[in-house]
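All remarks here apply to the structure that follows.
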There are 2 protein chains.
Amino acid sequence: MVDHAPAARPATSTDVARLAGVSQATVSYVLNDAPGVKISEETRERVRRAAEELGYAPHASARVLRKGTSDIVLLPLPPFQIGGLFLSWLNDVGERLRQHGHTVVLYGDTRSKGVAAAREWAQWRPAAVIVEAHRLTRAAVRQLYAAGTATVIAIGAEPSPLVPTLLVDDYGVGATAADHLLDRGRTRLAAVVPAEPGLDAWGERRLAGVARTAAARGLEARRVDLPFDEDAAAALAASWAAGADRPDGVFGYNDDYAALLLAALGDAGIDVPGQIAVVGADDQPVARLVRPRLTSVRVTGRLDDDAVAARLHEMIVSRDRDPATVLPVNDFAIAQRDSG
Amino acid sequence: MVDHAPAARPATSTDVARLAGVSQATVSYVLNDAPGVKISEETRERVRRAAEELGYAPHASARVLRKGTSDIVLLPLPPFQIGGLFLSWLNDVGERLRQHGHTVVLYGDTRSKGVAAAREWAQWRPAAVIVEAHRLTRAAVRQLYAAGTATVIAIGAEPSPLVPTLLVDDYGVGATAADHLLDRGRTRLAAVVPAEPGLDAWGERRLAGVARTAAARGLEARRVDLPFDEDAAAALAASWAAGADRPDGVFGYNDDYAALLLAALGDAGIDVPGQIAVVGADDQPVARLVRPRLTSVRVTGRLDDDAVAARLHEMIVSRDRDPATVLPVNDFAIAQRDSG
DNA sequence: TTGTAAGCGTTATCAC
DNA sequence: GTGATAACGCTTACAA
């Protein structure tokens, strides 16, 4: 690439055509490898060289306007609220989607949901919108499909009745922890639900997974609401140290909460895992940094990222809008350590 | 909003005009509050109602094509590689930028840099591009400016020579830790540099901050390369337990690495903070979950998010392209706990 | 094998 | 005050 003098305005395909000595249409044909159009290799080369020379980049909006739809895969997600785990998964899958020719856009909007949000997303004529299930309504989906969006995909812990779902099973986390605890002979189970706005919904689902699994064996699971706060954890540990109604197996919601509880139990003189087994989730670094080391539910991919991206791509090109299409993405394993 | 029958195609401003019984131009005037155009309040109301009725959302691409530039603030960042800390900061600032009328887009591209990347970004005619400094070249900046981008802003630990910089001071983290350790009488300093690709560059800068501060007091700081690995940490702790060349104050890079080291020192029978003080960084939850609790460098905002967003907005509207414009965003404090 | 021309939905410059 | 109308840059059917 030659280092040109600063262009006053970005080069257009007309500029390229002029430089290459061909028509503007030919430029479009060549650069898009238009099928069913025969152009001599020599002309192609001239066009490509001219484009390179001018630093030509096609005007995305003009292209979208003309074609009526973009190749954007829109992810209107608040990127921080979702865990680092999901975020890195998303990045890997995004990378693959890009290789399939999509433009992956994390769209910065947060509060809105329903048809108002859909209208905003629809402005960009995305090929696909992948969004948390709770932000979708029937009208929202309709608006997007009217805007030419090939498919809308919900992210949720259960299948959406409106559109295909990327199933991020959160019940399974709790279920896996419960199975592990029960298999090791624990019978009085408890599950932490974080007392933080935004996290509680996730906590409820993990708790439900624990409860469901316990129920299958004729047992119950107690709910323990816990804010991320040392004093609250100490109070809880003290009440358990006093005896009364102490569980012998606790699922700590995730590794952070489990570690918080673990530290408080230790401070209160309760033996882990002797008196209480503690299991975390997400297999984060902290699990190996506390003593005893934390047993944790590791979330693994059910399909590899390539496969997920390939399925998504397939759904987009085939305009699969069937709510019956459900793509489960995660699976679980126990990372066995010392706490339970 | 009335819940309409499914639209076959998204409503255009022409549809709105027809329904409101006005010309299409009038619709544009009303919805954009065009200055210097007198339109009766009654007409305005009719137009607005028609737009609402039809669920009209202007076609973003058509608007961009016509206006020559978008209101997109493009952040071509891999959202996972950057820490959770920066991510949540970014979200807050993004939210504010949105309130200033910008469309914040995290653009999914990763590998590319230089003019090739710039060309890809320029396709969308963004109003601003905020990107890591190392991905910019002179030609890249030129291409973006030619595409009408109001300003390009670098993110980096030192001011960019090409464009204005959002200064994320990483040296300061190490410097703050070193000051703290030195103030408490430690003299044989060491700093952990994570032996992980991708993290080492950050580690080097934090180390440099420690070294610089130590040097100002006539002392040196030792570099300790450490992978995130229990065995490696144990080996390091064992060598220090053996005596030899043991530091009395260690900066652990961040809380995860500091906690890793802390656990290994404990296992090796070294007293913390008695024999070695350990300081982490980022003030993550883990700092309160380990024993002794971890003293940590807390990264705080130098300006509040509102102010940062306001400055960015100002730079965009004024087309501030002056590399002398530097916006330092973070400041530091010590979260004093038990480890040092 | 290549060129001509229509039209995508907006905004903005003119006449009316 | 309001309504035609001409771009904006591109893709694609059709003409040459």
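Naming convention: chains lettered A, B, ... in sequence-line order (proteins, then strands); numbering from 1 in each chain. Atom set for the values below is all heavy atoms of this structure, side chains included, hydrogens, waters and symmetry mates excluded. Just so it is clear, the model here is predicted, and its values are computed rather than measured.
Using a 30° and 60° split on the angle between ring planes, H313(B) and H100(B) fall in the parallel class, below 30°.
Between the side chains of N32(A) and R63(A), at least one donor N or O lies within less than 3.5 Å of an accepting N or O. Q24(B) and T14(B) form no side-chain donor-acceptor contact under 3.5 Å, judged by distance and modelled atom types alone. Between T151(A) and D320(A), the side chains place no donor N or O within less than 3.5 Å of an acceptor N or O (distance only, hydrogens not considered).
Heavy-atom neighbours of R319(A) CZ from other residues, nucleotides or ligands within 6.0 Å: above the threshold of 12.
At a threshold of 4.0 angstrom between heavy atoms, the contacts of V22(A) are confined to the sugar-phosphate backbone, with no base atom among them.
When DNA chain D is scanned 5' to 3' for any atom under 4.0 Å from a heavy atom of chain A, the first and last hits are dG9(D) to dC14(D).
The shortest distance between side-chain heavy atoms of R135(A) and S112(A) falls below 4.5 Å. Using a 4.5 Å heavy-atom cutoff, the side chains of R9(B) and D15(B) are in contact. For the pair L167(A) and L327(A), the minimum side-chain heavy-atom distance is 4.5 Å or more.
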5' to 3', nucleotides 8-15 of chain C under a 4.0 Å protein heavy-atom cut-off (B base, S sugar-phosphate only, - none) gives BBBBBB--
